Amino acid sequence: MEPSNDVALDIIITNVVAVFRTRCHLNLRTIALEGSNVIYKPEVGKVLMKLRKPRITASIWSSGKIICTGATSEDEAKFGARRLARCLQKLGFKVKFTDFKIVNVLAVCTMPFQIHLIEFTKNNRPIASYEPELHPAASYRIKNLRATIQVFSTGSITVTGPNVQYVATAVEQIYPLLFECKTTLR
């Protein structure tokens, strides 16, 4: 049986991590006292700031580096990062939105079949690893895409990659390998 080309898989992006710089020093105490939706963590040396729309959490360091997590698309991550920069400008800092970069994308996808993990790992031995005592999923790395895929026996996969396009390509590449190792439903 061949894997059919007309199968449409829903790839749901659950988290996009982005980084940007403000090109100015940030006083964390000022942000904590005057900002809204802020959690100050002096023992770590950062401030957490949350936005409601888009739903993003940002880790802000005094050096001006900001990491945004929680977005569900690359555009939403950029929009949220720009909103954070604007919030900091309103607090009186001379913020310049620079060096924006998508660092990581996490997505989930469900295959229309279950997967025999031991067979999958044996077929793809150097790249795939499965340690059932440590984790219920088999891990598969695609080096040229810098993507890591966690394959569960239920047919659910979790893909981590540097951007949305690489994540989609990784799912396309692994689908035929998973189709070879599908199991019949019980």
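This structure is a prediction, so every number in the text was calculated from the model and none was measured.
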> What distance do Ile66 atom CD1 and Lys46 atom NZ have between them, rounded to the nearest 0.5 Å?
Replying inline: 12.5 Å
> Do side-chain atoms of Thr57 reach the backbone of Thr69 as a donor and acceptor pair under 3.5 angstrom?
Replying inline: no
> Can you find a pair of side-chain heavy atoms, one from Tyr140 and one from Leu177, that are under 4.5 Å apart?
Replying inline: yes
>> Ignoring hydrogens, what is the shortest heavy-atom contact between Gly80 and Ile56? Give both atom names and the distance.
In response: CA-CD1, 3.5 Å
>> Are Leu88 and Ile39 connected into the same hydrophobic cluster when the rule is that any two of I, L, V, M, F, W, Y join if their side-chain heavy atoms are below 4.5 Å apart?
In response: no
>> What I'd like to find out is whether the side chain of Leu26 reaches to under 4.5 Å of the side chain of Val47, using heavy atoms alone.
In response: no
>> Is there a side chain to side chain contact (heavy atoms under 4.5 Å, CB included) between Gln114 and Ser153? Walk through the geometry before answering.
In response: CA-CA 6 Å; Gln114 290 186 337; Ser153 61; over 6 Å; no
> Roughly how far apart are Thr169 OG1 and Leu145 CG, rounded to 0.5 Å?
Replying inline: 6.0 Å
> Do Phe120 and Ile118 belong together in a cluster built from hydrophobic side chains that touch within less than 4.5 Å?
Replying inline: yes
> If you look at every heavy atom in Phe20 and Phe100, which pair is closest and at what distance?
Replying inline: CB-CA, 3.9 Å
> How about Tyr166: does its OH atom have over 12 heavy atoms from other parts shown lying under 6.0 Å from it?
Replying inline: no
> To the nearest 0.5 Å, how far apart are CG in Asn123 and CD in Glu180?
Replying inline: 6.0 Å
>> Surrounding CZ of Arg141 (heavy atoms of other residues, nucleotides or ligands, distance under 6.0 Å), is the total greater than 12?
In response: no
> Is there a path of hydrophobic side-chain contacts, each under 4.5 Å between heavy atoms of I, L, V, M, F, W or Y residues, that connects Phe152 with Val171?
Replying inline: no
>> Test your reading of the model: is there a side-chain donor-acceptor pair from Thr14 to the backbone of Leu106, 3.5 Å cut-off?
In response: yes
> Does the side chain of Leu28 reach to within under 4.5 Å of the side chain of Ile60, using non-hydrogen atoms?
Replying inline: yes
>> Looking at Asn104 and Pro162, would you say the former's side chain and the latter's main chain have a donor-acceptor pair under 3.5 Å?
In response: no
>> Quick check: do Val159 and Ile11 have side-chain heavy atoms less than 4.5 Å from each other?
In response: no
>> Give me the atom names and distance for the closest heavy-atom approach of Met49 to Ser36.
In response: CG-O, 4.1 Å
> Are any side-chain N or O atoms of Gln89 and backbone N or O atoms of Val95, one a donor and one an acceptor, separated by less than 3.5 Å?
Replying inline: yes
> Say you draw a straight line from CD of Glu34 to CZ of Arg29; how long is it, rounded to the nearest 0.5 Å?
Replying inline: 11.0 Å
> So, do Met111 and Lys182 sit near enough that their side-chain heavy atoms are less than 4.5 Å apart?
Replying inline: no
>> My understanding is that a hydrophobic cluster links ILVMFWY residues whose side chain heavy atoms are under 4.5 Å apart, including indirect links. Using that, what else belongs to the cluster containing Ile12?
In response: Val108
>> Are Leu33 and Val38 linked, directly or through intermediate hydrophobic residues, by side-chain heavy-atom contacts shorter than 4.5 Å (ILVMFWY only)?
In response: no
> At what distance, to the nearest 0.5 angstrom, does CZ of Arg23 lie from NZ of Lys94?
Replying inline: 14.0 Å
> Taking all atoms of both residues into account, what is the closest heavy-atom pair of Ala18 and Ile102, and its distance?
Replying inline: CB-CD1, 4.1 Å
> Are Ser139 and Thr148 close enough, and set up right, to give a side chain to side chain contact (heavy atoms under 4.5 Å, CB included), and what steps lead you there?
Replying inline: CA-CA 7 Å; Ser139 181; Thr148 303; 4.0 Å; yes
> Do Lys41 and Leu48 come within less than 4.5 Å of each other through their side chains, counting heavy atoms only?
Replying inline: yes
>> Is any side-chain heavy atom of Thr30 closer than 4.5 Å to one of Leu91?
In response: no
> Between CG of Leu178 and CG of Leu9, what distance do you get to the nearest 0.5 Å?
Replying inline: 9.5 Å
> So which heavy atom on Cys87 is nearest to which on Leu51, and how close?
Replying inline: SG-CD2, 4.4 Å
> Quick one: hydrophobic cluster around Val19, which other residues, with the 4.5 Å side-chain cut-off, linked directly or via members?
Replying inline: Val17, Trp61, Ile67, Val103
> Which atom names give the shortest non-hydrogen contact between Lys53 and Phe79, and what distance separates them?
Replying inline: O-CE2, 4.4 Å
> Do Phe93 and Thr22 come within less than 4.5 Å of each other through their side chains, counting heavy atoms only?
Replying inline: no
